[in-house]
Amino acid sequence: MADLAEDRLRLDRLAAMAFQNFLPLTAAPSFLARQENSGPAVPRKVAPALAAGCSVIARPSSQTPGTAMVMFDCCRAGNLPPGVVNLVVGTTDATYRPIMATKVVRKVSLTGSTRIGQQMIRDAADTMKKVSMELGGNAPLIVYDDADLDLALNTAAQTKFGNTGQVCVAPDRFYIHDRLHDAFVDGFVRRAKAIRLGDGLDENVGMGPLINAHRLAEMEAIVGDAVAGGAQVRTGGQRPSGFNSGYFYEPTVLTHVVDDMRVMAEENFGPIAAITRFSSDDEVLTRANASDMGLAAYAFTRSPTRARRTIAELKAGMVGINSAALAAAEAPFGGTNFSGMGREGGSEGILDYLDVKLAQVVF
């Protein structure tokens, strides 16, 4: 009776009150389709799904399945119950299509290209699955006339050429103010030339190969298109001499580029930096926003006022001012427009794995 009275008292306090409850989805498969560093991509998807109470099916890229396999071995070593985390590899027909067709799966998450993301959204519509997409980038990097030049150069070079440029948030389009343009180009070229290519496991090597032959061919095609349109190759622009195997491509810096070249209009996903100049804030913000993509963007300035305007006006899910450290477990990661939807990480990351239920209780 005491328990019943206590329950009645608790419910009386909720009388005529509407409230919401968050319920876990049945299953939340995670598709990791891109050939980049999958180390952070796997836990960004799996961790919030598990925290929400969902089981997980992961399909890593066929190009880079090893990292996901090791992480799932860790889950098994941690004694997660069978069936809570599941890893599948294989052809599209054997893995992707059955998962997209079943009504049991209620959520899909993708790290991949915009083209694949668009197809997945269409496929998810048949069974009304929720989707979150971390898709392509084409990040602009702006250096204003009041920027700390050394900080901009060091940050830009590390961010552009890390992982051979095969990072979705790597800057592709470099907009440098007229006053600093020549000095920036000279400093950036020096840094690019100083990068040593080779085996990524060698601590003295600064940049390894591309993921496959297709990416290597794309680098050559993108640079060829730019040169045909009048761009100048300041360094790189070719396969390095002395390498008779592997998918190596030199760190490449292009100048005299125009906005409709492939190197500016598309994500190159490789070690190519396209540098152009600008003369006013209005001009550079308009040009930076001309892309359909909106994942990451960067700017360097000493002015808080200019920084606030840049953050407000750039069409990107993440903006770094005098910094490229955008990815953190406690921060929401994701883009806008053709770069995707939803967020991974931070307190926002779990929301895509929950359904909201509204209840009104009256006694």
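Each residue takes its place number in the sequence, starting with 1.
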Undergrad: Output all residues satisfying ring-ring contact (aromatic ring centres under 6.0 Å, His included) with F248, sequence neighbours left out; order by chain, then residue number.
TA: F243
Undergrad: In chain order, what residues pass the side chain to side chain donor-acceptor pair (under 3.5 Å) check against T92, with sequence neighbours excluded?
TA: none
Undergrad: For residues 184-204, which residue pairs pass the side-chain hydrogen bond (donor to acceptor under 3.5 Å, both in side chains) check, not counting sequence neighbours?
TA: N154-R191
Undergrad: When rounded to the nearest 0.5 angstrom, what is the spacing between CD in E267 and SG in C168?
TA: 7.5 Å
Undergrad: Only counting residues at least two apart or in another chain, list the ones meeting side chain to side chain contact (heavy atoms under 4.5 Å, CB included) with A328.
TA: E330, A331
Undergrad: Among all residues two or more places apart in sequence or in another chain, which pass the side chain to side chain contact (heavy atoms under 4.5 Å, CB included) test with S347?
TA: none
Undergrad: Hey, what do you get for OH (Y96) to CZ (R59), rounding to the nearest 0.5 Å?
TA: 10.0 Å
Undergrad: Going from CD1 on I321 to CZ on R308, what distance comes out if it is rounded to the nearest 0.5 angstrom?
TA: 11.0 Å
Undergrad: Can you sort out the partners of R115 under side chain to side chain donor-acceptor pair (under 3.5 Å), two or more places apart, ordered by chain and number?
TA: none
Undergrad: Anything under 3.5 Å between a donor and an acceptor, one on a side chain of residues 139-150, the other on a protein residue two or more places apart or in another chain? List them.
TA:
residue, atom, partner, partner atom, Å
Y144, OH, T310, OG1, 2.8
D145, OD1, R306, NH1, 2.9
D146, OD1, T301, OG1, 2.9
D146, OD1, R306, NH1, 3.1
D146, OD2, T301, OG1, 2.9
D146, OD2, R302, N, 3.3
D146, OD2, S303, N, 3.3
D148, OD1, D150, N, 3.3
D148, OD1, L151, N, 3.1

Undergrad: State whether the side chain of D225 and the backbone N or O of A221 hold a donor-acceptor pair below 3.5 Å, judged by distance alone.
TA: no
Undergrad: Is it true that atom CZ of R262 has more than 12 heavy atoms of other residues, nucleotides or ligands lying nearer than 6.0 Å?
TA: yes
Undergrad: For D73, which residues count as a salt bridge (charged side-chain N to carboxylate O under 4.0 Å, His left out) partner, sequence neighbours excluded?
TA: R76
Undergrad: Residues in side chain to side chain contact (heavy atoms under 4.5 Å, CB included) with M341, at least two apart?
TA: I121, V131, M133
Undergrad: Using the ring centroid of each side chain, check whether Y298 and F174 are separated by less than 6.0 Å.
TA: no
Undergrad: Under the side chain to side chain contact (heavy atoms under 4.5 Å, CB included) test, which residues partner N337, sequence neighbours left out?
TA: K315
Undergrad: Under 6.0 Å from the six-membered ring centre of F278 and within 45° of its axis: does the NZ or CZ of R287 meet both?
TA: no
Undergrad: Test: side-chain hydrogen bond (donor to acceptor under 3.5 Å, both in side chains). Region: residues 176-185. Which pairs qualify, not counting sequence neighbours?
TA: D178-R277, H181-R277, D182-R277
Undergrad: Surrounding OH of Y247 (heavy atoms of other residues, nucleotides or ligands, distance under 6.0 Å), is the total greater than 12?
TA: no
Undergrad: Quick check against the 3.5 Å criterion: does S339 have a side-chain atom that pairs as donor or acceptor with the backbone of G136?
TA: yes
Undergrad: Salt bridge (charged side-chain N to carboxylate O under 4.0 Å, His left out): which pairs involve residues 162-174, sequence neighbours left out?
TA: K160-D172
